[in-house]
Amino acid sequence: MEIFNTIPTIQYEGAKSKNPLAFKYYNADRVILGKKMKEHLPFAMAWWHNLCATGVDMFGRGTADKSFGAKEGTMEHAKAKVDAGFEFMQKLGIEYFCFHDVDIVPEADDIKETNNRLDEISDYIVEKMKKTSIQCLWGTANMFSNPRFMNGAGSTNSADVFAFAAAQTKKALDLTVKFGGKGYVFWGGREGYETLLNTDVKFEQENIARLMKMAVVYGRKIGFKGDFYIEPKPKEPMKHQYDFDASTAIGFLRQYGLDKDFKLNIEANHATLAGHTFQHDLRISAINGMLGSIDANQGDYLLGWDTDEFPFDVYTATMCMYEVLKAGGLTGGFNFDAKNRRSSYTVEDMFEGYILAMDTFALGLIKASELINDGRIDEFIAKRYASYRETEIGKKILANETSLEELSAYAEKLGAPALPSSGKQEYLESIVNNVLFG
Ligand code: XUL
Ligand code: CO
């Protein structure tokens, strides 16, 4: 039975189309830099926002009806969400989904019962996957919503809660493998703290690493060949989240010997909450060989929290795709960890959010490829560091063949060095506008 019966399959109609239910820029088979758009942009639907979130906020209950014709909190509802999700993805041409364990079934009081429900729903999902060839991008365990996780999961002060988190991680890994998922995510959830007056940071961080190591051992044992990911976020829900940003997460992974199995899942709105640009965290991940996957959304510069908006900012999407293209693509994909605004509560809004997001990233891809083909930025950067390649002293520095003594003797002879060449930021920004707007 068709659930979204007022919505057609969404087609590419081109930039001149005024049809709200059509793509203006996302043309799946269009080839950009030798690859189809859909190969550059493996888009994923986030189960939680799209099929579960109703627009509840601190001041009011939900506005959107996500019952899909079934009673909330039942297995019938869980199945209706599967039906709705697969129809939604098919109508948009989305080839992947991402999920938390408790997005796909209502959580029971007892983990054995929750796991039985997960077995039942995952059989149902696998059937749908076979029929549609839709795949799983990544799975994860929700170890932050239930009150037992108030002090964290891996970082909790309770050994029993730690054991419970391990049990949920095990099951979520089983499901990810059952779905053939490419990745497994650890978003820090409540792994952080509010005050050092009650917190042993070293103890907590070591315990998070223990949980992650057990996940790697178990995952590899059951045949998980994909990447584990940390998804950095600086704050919210905790004041101090341990996985603050890409640099912090990379340092943590290296410290605990997890860097061979883990990469990062970079979320735009998390990077901006950390006081970085999205592009910054992508670059830091990429240069460390850890750019795995992306949670594609955007925040609001006027609001200091995680608003998870559908991406609309073409400059940001362009610079994101510039990083992705330069990194040679993602091993993961683009998960729209985004939700409609509370007052956009209709079924059309659900589709229009994804159309906006997919078109924004398609535009970003087109414009990033144009920036690369234009070549002026690459050329400028290459010239900017030329003194290291073109002068004797520069070559020595790069070859690690000099010392403070030698450089100090050189500096004395030099007197005052000439100013370095101009950074030309305004000129470069005008190139970006020129490429974007012609
Ligand atoms: C929270 C967030 C999560 C993770 C998965 O800010 O981004 O939805 O992506 O747990
Ligand atoms: Co996310």
Side-chain angles (χ1 to χ4, degrees), residues 43-54 56-58 96-104 107 136-146 149 152-155 165 168-169 171-173 175-176 179 181-192 208 211-212 215 226-246 248-249 262-274 276 278 281-282 285 291-300 303-311 320 330 332-340 353 357 361:
F43 289 133
M45 178 193 76
W47 207 278
W48 52 103
H49 284 315
N50 202 44
L51 303 173
C52 309
T54 57
V56 171
D57 73 9
M58 244 118 80
Y96 294 90
F97 64 90
C98 298
F99 72 101
H100 300 82
D101 46 1
V102 300
D103 300 337
I104 59 174
E107 192 177 8
C136 172
L137 184 63
W138 52 255
T140 187
N142 178 329
M143 307 192 298
F144 43 90
S145 295
N146 193 296
F149 296 121
S155 64
Q168 262 187 264
T169 305
K171 190 66 183 176
L173 272 163
L175 295 168
T176 303
F179 296 151
K182 286 185 173 203
Y184 184 86
V185 164
F186 283 91
W187 164 55
R190 294 179 196 272
E191 315 286 33
I208 295 171
L211 182 61
M212 288 181 174
D227 289 318
F228 289 87
Y229 301 123
I230 282 187
E231 182 179 319
K233 182 172 181 179
K235 57 187 170 190
E236 206 201 359
M238 305 309 266
K239 182 160 73 176
H240 301 273
Q241 294 274 150
Y242 292 135
D243 305 325
F244 189 91
D245 62 358
T248 314
F262 273 77
K263 288 194 169 76
L264 301 183
N265 180 40
I266 297 298
E267 176 162 327
N269 200 175
H270 295 179
T272 49
L273 279 176
H276 301 308
F278 181 25
D281 259 18
L282 293 169
S285 309
L291 178 54
S293 205
I294 286 178
D295 269 14
N297 63 9
Q298 75 178 48
D300 185 316
L303 301 174
W305 66 91
D306 195 13
T307 54
D308 284 345
E309 296 173 29
F310 284 104
C320 166
L330 298 175
F334 297 80
N335 167 46
F336 290 119
D337 195 351
K339 60 186 178 212
N340 287 110
F361 270 80

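Counting starts at 1 for both ligands and their atoms, following the listed order. Because the structure is a prediction, the values reported are computed rather than measured.
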*Which residues satisfy the salt bridge (Lys or Arg N to Asp or Glu O under 4.0 Å) test with K182, sequence neighbours excluded?*
none

*asked:* Taking non-hydrogen atoms within less than 4.0 Å of ligand 1, which protein residues qualify?
replied: W48, H100, W138, W187, E231, K233, E267, H270, D295, D306, D337

*Which one of F144, F186, W187, Y184 satisfies the ring pair (Phe, Tyr, Trp, His ring centres under 6.0 Å) criterion with H100?*
F144

_Pairwise side-chain contact, H270 with D295, heavy-atom cut-off 4.5 Å (strictly under)_ = no

*How many protein N, O or S atoms sit closer than 2.8 Å to the Co ion (ligand 2)?*
4

*Once you round to the nearest 0.5 Å, how far does CG of N335 lie from CG of N297?*
9.0 Å

_Basic-acidic side-chain contact under 4.0 Å: K171, D101_ = no

*Can you list the residues that meet the side-chain hydrogen bond (donor to acceptor under 3.5 Å, both in side chains) rule with S145, with sequence neighbours excluded?*
N142

*asked:* For the OH atom of Y229 and the CZ atom of F262, what is their distance to the nearest 0.5 Å?
replied: 11.5 Å

_Contact check, side chains of L273 and D306, non-hydrogen atoms, under 4.5 Å_ = yes

*Hey, which of F179, W138, F43 is the one that makes side-chain contact (heavy atoms from CB on, under 4.5 Å) with F97?*
F179

